[in-house]
Each structure stands twice: as structure tokens, then as C-alpha cells.
Amino acid sequence: MKIQKLNWAGVKLLISGKTILIDAVEDFSAYKPVLGQPKVDLVSFSDDTKADYIIFTHLHFDHFDEKLIAKCLKPDGKLLIYAALKPLVDNLRANFDAIFLELEETYAEDGISFKPVFAMDGIGDIQSSWIVEGEGTKVFHGGDTMWHNQFWRLGKENKDIDYAFLPANGVTVNFTMIGLEYSPVVASLSIQQAFVAAKLLHAKCLIPMHYGLFERAPYYVPTNFGTQDLVEWSKKMEQRYLLLEDGRYLEAEEMVE
């Protein structure tokens, strides 16, 4: 398996000659008033990426890019979707052929397995995490889940997770403009919570994501972290981690054994 970190929460997996995109987004313009301006250039990948499978954790536009799906999904490619999202996906402009899976339901093809599992969205929308396995490597992708009480169970029931991609920006949101009262409780995992979640998942390596790309915005305030925080929480939880910059592939010497 080859693993590439894409923008924000995006991940590309290359398994057995197949290309898989998870939460892959290039166009964040719809959320610019909320997320703010990107601090760095975004990674462009859709021009040379043709995906056999595309999955996404939920329909927020920083995780779901409808135009990118239409551009990148092969004519015979498959869109795999958590079944609870079906009523929302049915209302989209594009008519994608999709396979809908219930939580804990596994779809297997080409020597690759896909399974949506429990997640908790920070503002109450429908969301799942995903577990993808192939070529002897298992990846957990947590979307932008907040802390919940199912990490223990997920870790016990899904053995041998190699990489846990987990959000780490511990954001507080102020979305009163859409009728949500302000809450100071973080709406996605903080870096501390990401380390604890990775430990409970028994993941061999935590790869933080969903942090650092955007300038601070009045409606979306992340909790920043630095090297000292990473070292401290890695030591406290005895949890290995790896920072992957957007666009970079996981190198062979960095792979877990």
C-alpha cells in the first residue's frame, strides 16, 4: 500500500493497482467565509488522478467535493457511502452510481475491504469513520469526528490498525448564523484527544490531519499545537505518530511493521 496525504483531511491510497480517495477536496471556496483563507498553496491532484473507489466521511464541503468526484471517479469506479447519508446524496446535482453500506457492513473487492464505522459529528450532522484494508495494511480514517465513547469498542473489534488518520485541530465553532448556539466544547478531536483515540484504537501510528491549513477565522477557531505537544502526548500515551505534509507520500522507511 502507498499512502499520500492530500489537502486537509484528504488521503489517497494505492492498493493492488487500485486508487482510493478518502475525503479528497481541492475546492474549499464554499467554506472560505467559515474556514478562512488557506495559508499555503493547495495540493492539486485531480488532473492526474483516476480513482477506482471514492469514499467520504460526511457532506461538509471541506470533506466532500462533488466536482472532484465527477472528475476523478473512473467510469467503472465505485462511490462507497454510509447508508444514513443516502437521503442527502440523493439530492445532489450529479447522479453518481453508489454502493450504500450500513455501519459495520464490509464491502470487499479487488483484495480490498471497506467498512464505515461509528463517528460523532461536532455539530450533529451525519458522519462515519472508515476502515480500509488491503495488501496487509489497515487504515482508519476519522473524518472530523469529535471525541466519543466508541473508540474503546472500535479498537477491540478492529484488530491491527496500522495508521489512524485523525483530526487534530480541536476546533470551536460559532455557527449562530445557521441557528446553532455557541459552544466552547471542541467540535473535532484536539491533538491530545487524537493521541488518546489512536491509543484506544491500538493503532501502530497516528497521523494527524485536519489542521493548520487555514488562517484563523471568527467562526472557526482551532486549537494550535506544536512539537512540544506532539512529544508530550506521544510519551504520555506511548503512541507513535508521524506528521505528513499535504502532498507527501508515506516513505518506506516510515512504514510501520
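Note that the numbering runs from 1 along the sequence shown for the chain.
Ser128 and Leu103 make their closest contact through CB-CD2, 4.1 Å (heavy atoms, listed as atom of the first residue, atom of the second, distance). Heavy-atom minimum distance, Leu201 versus Ala164: CD1-CB, 4.3 Å. Scanning all heavy atoms of the two residues, the minimum distance from His202 to Lys156 falls at CD2-N, 4.4 Å. The two residues Pro87 and Ala83 come nearest to each other via the heavy atoms CD-O, 4.3 Å. Heavy-atom minimum distance, Val34 versus Ala217: O-CB, 3.1 Å.
The side-chain contact (heavy atoms from CB on, under 4.5 Å) test with Phe56 is passed by exactly one of Leu21, Leu80, Ile69, Val25: Ile69. Each of Arg153, Glu104, Lys115 was checked for a side-chain hydrogen bond (donor to acceptor under 3.5 Å, both in side chains) with Asn158, and the lone residue meeting it is Lys115.
One hydrophobic cluster holds both Leu243 and Leu189 under the rule that ILVMFWY side chains link at heavy-atom gaps under 4.5 Å. Put simply, Met177 and Ile123 are part of the same group of oily side chains (I, L, V, M, F, W, Y) that touch within less than 4.5 Å, one to the next.
A salt bridge (Lys or Arg N to Asp or Glu O under 4.0 Å) check over residues 116-136, counting only residues at least two apart or in different chains, returns the pairs Glu133-Lys138.
Close placement of the Phe28 and Phe214 rings is indicated, their centers lying within 6.0 Å of each other.
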Next item on the list: Output, in order, the C-alpha distance, side-chain angles, deciding distance and verdict of side chain to side chain donor-acceptor pair (under 3.5 Å) for Asp110 and Ser16.
Entry: CA-CA 7 Å; Asp110 297 322; Ser16 302; over 6 Å; no
Check: Under the side chain to side chain donor-acceptor pair (under 3.5 Å) criterion, do Tyr241 and Gln239 qualify, and how do the steps go?
Finding: CA-CA 6 Å; Tyr241 73 93; Gln239 174 64 53; over 6 Å; no
Notebook entry, point to check: Given the rule in the side chain to side chain contact (heavy atoms under 4.5 Å, CB included) test, do Met237 and Leu206 qualify, once you have shown the distances and angles that lead to the verdict?
Noted result: CA-CA 11 Å; Met237 299 309 302; Leu206 162 68; over 6 Å; no
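Annotation: side chain of Lys18 is not in contact with side chain of Glu109 (no heavy-atom distance under 4.5 Å). With a 4.5 Å cut-off on side-chain heavy atoms, Asp246 and Val40 do not count as touching. Val11 has its side chain out of reach of Gln4: every pair of non-hydrogen atoms, C-beta onward, lies at least 4.5 Å apart. Between His63 and Trp8, some side-chain heavy-atom pair lies under the 4.5 Å cut-off. In this structure the side chain of Arg240 never reaches within 4.5 angstrom of the side chain of Ser234, judged on heavy atoms. When side chains are defined from C-beta on, Leu42 counts as touching Leu213, because their heavy atoms get closer than 4.5 Å.
At a cut-off of 3.5 Å, with distance as the only test, no side-chain donor of Thr137 or Asp162 sits close to an acceptor on the other residue.
The aromatic rings of Tyr53 and Phe114 lie tilted to each other, with the angle between the two planes from 30° to 60°. Under the 30°/60° scheme for interplanar angles, the aromatic rings of His148 and Phe118 are found to stand perpendicular. In this structure, Tyr31 and His60 have tilted ring planes: the angle between them lies in the 30° to 60° band.
Cation-pi geometry between Lys2 and Tyr249 is satisfied (NZ or CZ under 6.0 Å from the ring centre, within 45° of the ring normal).
How far NZ of Lys71 is from CG of Asp65: 10.0 Å, rounded to the nearest 0.5 Å.
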